[in-house]
Amino acid sequence: MIQTPFRSLTNPTQVLLPPSSSSSSPSSLRFSSTLFSFRGFSLSSVTPKHKSPLLSPLKSSMAESQKSNAVVEVFEKEELPVSLAKYVADVSNKFTTERGAFTVCLSGGSLISYLRKLLEPPYVDSLEWSKWHVFWVDERVVPKTHEDSNYKLAYDGLLSKVPIPAGNVYAINDALSAEGAAEDYETCLRQLVKNGVIASSSVTGFPKFDLMLLGMGPDGHVASLFPGHPLLKENKKWVTFIKDSPKPPPERITFTFPVINSSAYTALVVTGAGKSDAVHSALRGSQNSPKLPVAMVSPEGELKWFLDKGAASKL
Ligand SMILES: O=C1O[C@H](COP(=O)(O)O)[C@@H](O)[C@H](O)[C@H]1O
């Protein structure tokens, strides 16, 4: 399937962060005081709600790793979940219409609470939930009933409240070891690619999920891919495991970067001043500084950052 640019993701209440115009950046970015565009994808209807220092051109460039198909938006606290719900709904509508299925990957942590507006009108009644197929970007190797389970978090906060068929929710097998659960999950994904539920990237050969919803830890980790960990270099497996996660619980399974970076649409949802250093490093860091995992998110499709003012405070 050929992906066409998706053009209905604007919201007139957001502040945009301009990429640098000086540039050792590989991107072909244009910036004016209220809009910037990527590969001709122009956010021309965006009107900033308030004037922000972020709107003045900055000298530094976007980190080399962040491709030109990235959009960064900074939201007022209450507006982030509103805009995120619209974004998810737009991507869902695109894929349910085009191919009769929507494959979406969830992270754990704070992300789930930012999806809360999907549970309200118009989305709760209008989305084609029966066509959703839900996966986890990463999961902790604990029983599904455990407080640390990303499945439980998503089930309690979202999945139990919408009519997604149980068979379309792909939780890990929590009876297996970390290694076994990762293998089992990859086998499941391979089967779903074979029968056409999950698309396949013609560029990378890895599964191409319709939407990847990522969070980020204060240390810059995404999924369960932590700074300096050898798993950052995994380039063959689709799903792998970690037994020494610096953030508890220690045993987890996680998508690898080739899978994360093959997705059609990716949202990186990052809030709080405690994450501002990592955000700065990813978006403004010099090409010579060590790359945080979040800076390695560089998808084949479109990447959109959803930041609050705290997370954006050092940009
Ligand atoms: O451990 C994890 O942390 C990250 C970030 O969580 P947050 O609460 O700081 O947003 C999350 O994206 C990941 O899925 C989770 O397993």
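Numbers for residues simply follow the sequence, beginning at 1. First listed ligand is number 1; within each ligand, the first listed atom is number 1.
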_I'd like to know whether K77 forms a salt bridge (Lys or Arg N to Asp or Glu O under 4.0 Å) with D308, so could you lay out the CA-CA distance, the side-chain angles of the two residues, the decisive distance to 0.1 Å, and finally the verdict._
CA-CA 6 Å; K77 197 167 181 268; D308 71 353; over 6 Å; no

*Distance, nearest 0.5 Å, that separates OH of Y265 from CZ of F95*: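 Rounded to the nearest 0.5 Å, the OH-CZ separation comes to 5.5 Å.
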
*In Å and rounded to the nearest 0.5 Å, what is the OG1 to CD distance from T96 to E128?*
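The CD atom of E128 is 4.5 Å from OG1 of T96, to the nearest 0.5 Å.
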
*Sort out the contact shell of ligand 1: every protein residue with a heavy-atom distance below 4.0 Å, listed by chain and number.*
S107, G108, G109, S110, D138, R140, N150, G215, M216, G217, H221, A223, K247, R252, K275

_S298 and N261: side chain donor to acceptor below 3.5 Å_ = no

*Where does the angle between the aromatic ring planes of F102 and W132 fall among parallel (under 30°), tilted (30 to 60°) and perpendicular (over 60°)?*
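If you compare the ring of F102 with that of W132, the planes turn out perpendicular.
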
*asked:* For F135 and Y185, take the angle between the two ring planes, folded into 0 to 90°, and tell me which bin it lands in: parallel under 30, tilted 30 to 60, perpendicular over 60.
replied: perpendicular

